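Bear in mind that the values here come from a model prediction, so they are computed numbers and not experimental data.
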Amino acid sequence: MNTSMLLGKLSLDALPFYSPIAAAGAAVIVFGGLGVIALITWLRAWPYLWREWFTSTDHKKIGMMYVGLALVMLMRGFVDALMMRAQQAMAMNAEGYLTPDHFQQIFSSHGTIMIFFMAMPFLFGLMNYVVPLQLGARDVAFPLMNAISFWLTAAGAALVMVSLVIGVFSTGGWSGYPPYTELSYSPTVGVDYWIMALLVSGVGTTLGAINLVVTIYKMRAPGMKLMQMPLFCWTALCASLLAVFALPGLTVAAGLLGLDRYLGMHFFTNDGGGNVMNYANLFWIFGHPEVYILILPAFGIFSSVIPTFSQKKLFGYNVLVYATMCIAVLSFTVWLHHFFTMGADANVNAFFGIMTMVIAVPTGVKVYDWILTMFRGRLRFDTPMLWSIAFIVTFVIGGMTGVILAIPPLDYVFHNTLFLIAHFHNMLIPGVLFGLFAGYAYWFPKATGFPLDEAWGRRAFIFWVVGFYLAFMPLYALGFTGAPRRMAYYDQPEWQIYFVIAAIGALSVLAGIICQVIQLVVSIRNRDRTTSFAGDPWGGQTLEWATSSPPPEYNFAVLPRVNSLDAFEEAKESGQPYVWPEKYDPIEVPRNSMTGVLLGGTSFVLGFAAVWHIWWLAALSLLGVIGIVIARSFATDTTRFISADEVKAHESRWRTAVLAQGKASS
Amino acid sequence: MFQDTMLDPAGPVSAATRDLLFESVGLMLIVVVPVFVLTAFVVWRYRAGNTSAAYTPRWNGSRLLEMGLWTVPVTIVVLLWFVVWNRTHELDPYRTIESDQPPLVVQVVALDWQWLFIYPEEEVASVNRLVFPVGRPLTIQLTSDSVMNSLLIPALGGQIYAMAGMQTELNLKADRIGVFEGRNTMFNGNGFSAQTFTVEAMDMAGYQAFLAEARTSPNALTEESFQTLAEPTVNGPLRLYSSVAPNLFHTIMGAHGSMPHTVAEPDMSSAPHHADHAR
Ligand code: HEM
Ligand SMILES: [Cu+2]
């Protein structure tokens, strides 16, 4: 490929005319994007969005933007999944409708998006929104850094999306194993997109995690001891600590791969002293903790939802805390189970197999704790609870297949087969995604003031659960026959029916997602009837329910005093859940700042320029990044005060709503 | 459907793997089944509508129950440890399978997207076709001339990576005559989906016939013809070679992994197990 000074490797060949399907996908992205821009312009919403959202440093708005990003990326990741399911349903002794090269891009972007740009932002969004509220805090420790984290994540996601239109995406899977991803085997820019997207968003995630850790250590409400934090905060703490310690593994792995590709070094090449095995170790030293980064906060969500809807206290809080901590520490001791088949000594494989099983113990105990939380409760089956129950039942199946894969001799036959695919979707969908959906439905009325429509929520739930079983149980069966993952086509006639069933399952999931879209629209339409400012729709136990819905920018006019677990529940028991003093003080909140958007934008350009070897632009945007950070560090006037009158006005409005609701229900 | 897979094993390794699967699943069901039963029971009995069920809103723990909760899974996992430790050693892919016959050594080179099988004792080679006598243990030594590959023969069990510049090993054995499928399971590019090979476990006569057929092949596997063979090929034909350049396997291995311009040592076949990774 020719490179020019001005445009690097970029030329008209980068447009996706290599296949009509890719071109159509690109067209959807381009026209969809243009459509959204046109709509916003037509509504004249730019100033509003800029003022209220893009430049916001309020953890709640940032949290909602994270969730919004995650939902958009869920759509994209799911379209990828549907395309793969369609391909494999028809590609028996045939090419199918996708070329292998295109199919490969799709599983790579599906995996990368679902993990890094769907599940992670979704979790960070919920943690961002909920953790400060549950701690009784007014914001996170570093509000501006929070905005920067979000915009860097968005920049990474944008890089993946752009690869659909300009150039190609990696074909190396979400794990990007060299030497396949080295220049000699993957000469296109696909892998570079993958590297840059991960590096840019990785910085964002690390900063976000540091922020949460500091918030949890430093910003708890007066009196709240660590062992009085809601369990969700504990899981957020563990997940964030894991992220801080694990992400460097990924950054180093992807970075060294980048050095190989850009500067001709030999970290992981076949030749010149490179060694793939180092990559496998680095990647999975990150990769295994990563799955716990995803699952722990989901456990925290279930631990919030199940007690609330059982109208009972959480069973075994202490045990759940210790179990969470154990899992977090142990998750760094098992990474080798991802490559038992790399030829390590039997002693080594057996050791890591055993360590992996140790983790299954605290996880199993947790499941029983949730069941005992429901035991002798009064169970209400609102959608968050439905997701939780489906989780418990389905998750243990995935746990069992996980232990199977942890037994090295069994892994020798199941590694790299569809059994593995079935296993990790069995953890990620009921575990992570259902948890996220439960949290989404549970906290939605907190964030907006109105609940999600229950009927559509139930429909979505049914389609998702049925769809999950149909889409992934057949893959276990295929795994027993040795059917490998990442197959664009195959020649075993008996396999086809299983792929067809899996495709039907994916269609059911599609129906579920459509129900969720309708649910959102219906809920927004009906909000006049359903809005409640009072703030405690579910009978919650923790502090996020002890403020209005949506909460004011400062969260709590008077910081709550905490001296027990489930502070809000205890306050309700004592008959004094709310504090409305006569006189309020002005409250200091961070000012808006465009630093986050600007850094996100420049980092995106930096990544894009690096992908295409447009060095002048890369240098310029790198200078931009540094310049923005320096410029910001001179800003002194970074906070503003919300006047006492304004606080008072809000609080009395809220008080009226609470009292009115109390009357209505008594 | 499950014919000639690990559920219908054709050799001792896959048979032992299947037994191990059933044992471990059996043990785990002790924890898993109660989850289904208890969840169903609790969800039904303690639904809000059932006001006759007990309700203890403030009950948040019980020493005794919690001890029980830990004891059961800990016991099962400790049992599994012993299983894991023993079976991982018994089913170590590097462990030669006991037999009164010496193992047949086959050297495997993973290519884009084909498999080369070299029979060093017989000095013949075949492509995309692994033939060996039933009842005689098989020692497969693997390397790759390209990216990472992984060899799996579901009917016989086991799986191991093949990596350039390094040697790994897999020991298998077939107990019954049959034609099975083997494949690469590690994604490696455009031809990945078609990178399968035929595995033929034959009686002695059949194996001899195969060797005889190979010896009559007009093709010789030299370093030059290997370069042609190593060109990326999708759905490559079955091929036989009547002769193989001496030490070709190690030459291929030595061509990768070392610092530029250093020459690999010619013979590393005596290197001990697990230290097989050439520098
Ligand atoms: C919603 C329904 C989903 C369906 C139907 C689906 C389907 C698939 C399919 C067909 C593959 C390729 C399997 C193969 O290699 O042959 C795949 C791979 C993968 N999926 Fe999903 N998926 C879904 C959701 C998710 C979610 C929620 C996540 C993560 C949170 C996820 C993460 C992954 C990953 C990491 C891979 C591996 C990609 C690779 O091979 O590098 N998927 N999925
Ligand atoms: Cu792992």
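By the 4.5 Å heavy-atom criterion applied to side chains, B:V43 and A:I389 are counted as neighbours. When side chains are defined from C-beta on, B:L21 counts as touching A:F480, because their heavy atoms get closer than 4.5 Å. Between B:M186 and A:Y177 there is a side-chain heavy-atom pair separated by less than 4.5 Å. Between A:E494 and B:Q3, the closest side-chain pair of non-hydrogen atoms is not below 4.5 Å. A:N275 is not listed as a side-chain neighbour of B:M163, based on a closest heavy-atom distance of 4.5 Å or more. Side-chain contact between B:Y46 and A:S310 is absent, with no heavy-atom pair separated by less than 4.5 Å. At a threshold of 4.5 Å between non-hydrogen side-chain atoms, the residues A:I392 and B:V35 count as touching. Looking only at side-chain heavy atoms (C-beta outward), A:N347 and B:W85 come within less than 4.5 Å of each other.
Chosen from A:V396, A:V365, A:V413, A:L372, the residue pairing most often with chain B at heavy-atom distances under 4.5 Å is A:V365. Contact tally against chain B (heavy-atom pairs below 4.5 Å) for A:P100, A:G482, A:G172, A:P409: the top residue is A:P409. Comparing B:T56, B:V25, B:D4 by how many heavy-atom pairs each has under 4.5 Å with chain A, the most go to B:T56. With chain A as partner, the option from B:T196, B:L91, B:L80, B:L69 having the largest number of non-hydrogen pairs under 4.5 angstrom is B:L69. If you tally non-hydrogen atom pairs under 4.5 Å between each of A:T417, A:V403, A:V367 and chain B, the highest count goes to A:V403. Residue with the most contacts toward chain A among B:G61, B:A48, B:P73, B:G157: B:A48 (heavy-atom pairs, distance under 4.5 Å). Ranked by heavy-atom pairs shorter than 4.5 Å toward chain A, the options B:A155, B:A194, B:P232 are led by B:A194. The most heavy-atom pairs under 4.5 Å with chain B, out of A:M487, A:Q104, A:R378, come from A:R378. Counting heavy-atom pairs closer than 4.5 Å to chain A, the top-ranked of the candidates B:L170, B:N86, B:V13, B:V31 is B:V31. Among A:N349, A:V348, A:T401, A:L379, the residue with the largest count of heavy-atom pairs under 4.5 Å with chain B is A:L379. Chain B forms the most heavy-atom pairs under 4.5 Å with one residue out of A:A360, A:G353, A:G377, and that residue is A:G377. For the set B:D112, B:N184, B:L142, B:T39, the count of heavy-atom pairs under 4.5 angstrom toward chain A peaks at B:T39.
The contact between A:I354 and chain B is made by backbone and side chain atoms together, counting heavy-atom distances below 4.5 Å. Proximity to chain A involves both the backbone and the side chain of B:T17, based on heavy atoms less than 4.5 angstrom apart. Residue contact with chain A, scored on non-hydrogen atoms closer than 4.5 Å, involves the backbone of B:N50 exclusively. Using a 4.5 Å cut-off between heavy atoms, B:P154 touches chain A through its side chain atoms alone. Heavy atoms closer than 4.5 Å to chain A are found in both the backbone and the side chain of B:Y55. Heavy atoms of A:E182 lying under 4.5 Å from chain B are absent altogether. Neither the backbone nor the side chain of B:V37 comes within contact range of chain A, judged by heavy atoms closer than 4.5 Å. Looking at B:N149, neither its backbone nor its side chain comes within 4.5 Å of chain A, counting heavy atoms on both sides. Both the backbone and the side chain of B:P34 come within contact range of chain A, each with at least one heavy atom under 4.5 Å from a heavy atom of that chain. Residue contact with chain A, scored on non-hydrogen atoms closer than 4.5 Å, involves the backbone and the side chain of B:I160 alike. Residue B:R183 touches chain A through its side chain alone, counting heavy-atom pairs closer than 4.5 Å. Proximity to chain B involves both the backbone and the side chain of A:A477, based on heavy atoms less than 4.5 angstrom apart. Residue B:I153: no heavy atom, backbone or side chain, is found under 4.5 Å from chain A. Neither the backbone nor the side chain of B:A40 comes within contact range of chain A, judged by heavy atoms closer than 4.5 Å. For A:F340, no part lies near chain B; criterion is any non-hydrogen pair under 4.5 Å.
Classification of the B:Y161-A:H415 ring pair by plane angle, with boundaries at 30° and 60°, yields tilted.
Counting heavy-atom neighbours within 6.0 Å of A:R380 CZ, excluding the residue itself, gives a total above 12. In the displayed structure, B:F41 atom CZ is contacted under 6.0 Å by more than 12 heavy atoms of other residues, nucleotides or ligands. Remark: B:L238 CG is packed, more than 12 non-hydrogen atoms of other residues, nucleotides or ligands lying under 6.0 Å away.
Closest approach of B:V32 and A:M400 over heavy atoms only: CG2-SD, 4.0 Å. The nearest pair of heavy atoms linking B:Y94 to A:G343 is OH-O, 3.4 Å. Contact detail for A:L410 and B:S24: the closest heavy-atom pair is CD1-OG, 3.7 Å. Considering all non-hydrogen atoms of both residues, B:V84 and A:A350 come closest at CG1-O, 3.9 Å. Here the closest heavy-atom approach between residue B:S150 and residue A:N416 is recorded as CB-ND2, 4.2 Å. Nearest heavy atom pair, residue A:V393 against residue B:F36, reads O-CE2, 3.3 Å.
A donor-acceptor contact closer than 3.5 angstrom links the side chains of B:E181 and A:Q492.
In this structure, A:K366 does not pair ionically with B:E66, as no charged nitrogen and carboxylate oxygen lie closer than 4.0 Å.
To the nearest 0.5 Å, atom CE of residue B:M148 and atom OH of residue A:Y279 are 11.0 Å apart. Atoms CD1 and OG1, from A:I407 and B:T88 in turn, are 8.0 Å apart once rounded to the nearest 0.5 Å. Atom NE2 of B:H256 sits about 11.0 Å away from atom OG1 of A:T269, to the nearest 0.5 Å. Atom CZ of A:F103 sits about 9.5 Å away from atom CZ of B:F192, to the nearest 0.5 Å.
Remark: aromatic rings of A:F315 and B:W59 are close, center separation under 6.0 Å. Annotation: B:F187 is in aromatic contact with A:F107 [ring centroid separation under 6.0 Å].
Residue A:M357 is tested with B:V83, B:V77, B:V78, B:I76 for a side chain to side chain contact (heavy atoms under 4.5 Å, CB included); the sole match is B:V77.
With B:S193 contributing its side chain and A:A488 its backbone, the two residues share a donor-acceptor pair below 3.5 Å. Remark: side-chain polar atoms of A:N270 are paired, donor with acceptor, to backbone N or O of B:S146 under 3.5 angstrom.
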